[in-house]
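Below you'll find the structure, written out as structure tokens, and then a few comments.
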Amino acid sequence: MNPFAKLGRAVGAVALGLAVAAPAVWAQDKVLNLYSARHYQTDEALYENFTKATGIRIQRVDADDAGVLARLKSEGSASPADVVLLVDAARLWTAESEGLFQPVKSQLLESRIPATLRGQDSGQGPHWFGMSTRARVIVYDKTRVARADVDTYEELADPKHKGKVCTRSGSHPYNLSLFGSLVEHLGAEKTEQWLKGVVDNMARAPKGGDTDQIRAVASGECAIALTNSYYLARLMRSTKPEDRAVLEKVGVVFPNQSTWGTHVNIAGAAVARHAKNRDAAVAFLEYLAGDAAQRYFADGNNEWPAVASVKVTNPALAALGEFRAETIPVAVAGKNQTRVQQMLDRVGYR
Ligand code: FE
């Protein structure tokens, strides 16, 4: 017999003996493996609080959305991942459709997280839950652009804005999701025309992240740009003189308030398909939907809580004010993303 097989059995027997003899040791050793695309420093306190409340230690693997998905796929059933955190609805949708998650039936999650912010439920519960929301807003140079000229997404493609528009890459998830939502609101044909119009209006080729777009508006390189709300809120809470100067120049608008509402995306959580610690994973999702964790998302990373009853004290979010958000399920962004990518290729939106 293979000596390693024998060794394996012996180790197994010892472990089993320990579990029976000393359950307290087992309980202390409870672990949750978290694969996270959230890279916000303020999340540390969020994780520590869960460990304090439950005794479950969190082991984290950090990567971006694409990196997390690639890792889950390559690890397959051997993956140690229990919970997956991603920062975009289209990516959550993709992971679900690739069979990387498992459904979760939880009365608590269903009562707290609105149906439009969850994955589809085909009877066994949704495969993912939005835990916080962020709006894709328009920022503009107050000295060159009138607010009324940028209060809809449609106007980004208007020839009146030729040479003024900056965006990050069209195929970045934040943009893919926005464009996927436009397909829902405008139809495919009009959305493609719109994308073409945006490309025609560009001040420069797409590059950088959302904060770079805001800074490019302030520096005069562009006059109009798109950003997720929390990047702007982060600048609003900054005390650095250079950030204050950026905000002096830049105006913000929640687009489409008189039509379908501003596009909203989510950061969300799911239980991994091959989770070894399923109970702990569900407990963690329920913890994220709790009042304290929801307030962390708002106060720490300037997102809005997915749970409507949670009150926010963040001064930057208060300053941004109330707005009308679109009401279509965030999952449509995922459904439309392949089509949108093809449109981007056709119109030359890099
Ligand atoms: Fe981000």
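Each residue takes its place number in the sequence, starting with 1. Worth saying up front: this structure is predicted, and the values here are computed from it rather than measured. Order of appearance sets the numbers: ligands from 1, and atoms from 1 within every ligand.
Judged as a salt bridge (Lys or Arg N to Asp or Glu O under 4.0 Å), the pairs with a partner in residues 321-339 (not counting sequence neighbours) are, in order, E184-K335.
E242 CD: more than 12 foreign heavy atoms inside a 6.0 Å radius.
Below the 2.8 Å limit, the Fe ion (ligand 1) has as protein N, O or S neighbours Y174 OH, Y230 OH, Y231 OH.
Residues that satisfy the salt bridge (charged side-chain N to carboxylate O under 4.0 Å, His left out) test with E44, not counting sequence neighbours, are R60.
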Show me, pair by pair, the donor-acceptor contacts under 3.5 angstrom made by side chains of residues 145-153, not counting sequence neighbours?
unit_1	atom_1	unit_2	atom_2	d
R147	NH1	V252	O	2.9
D149	OD1	K160	NZ	3.2
T152	OG1	E155	N	3.2
T152	OG1	E155	OE1	3.0
Y153	OH	R136	O	2.5
Y153	OH	H263	N	3.0

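Ion pairing of R168 with D212 is absent here, as no side-chain N (NZ or NE/NH1/NH2) approaches a carboxylate O to less than 4.0 Å. Between E75 and R71 a salt bridge is recorded (basic side-chain N to carboxylate O distance below 4.0 Å).
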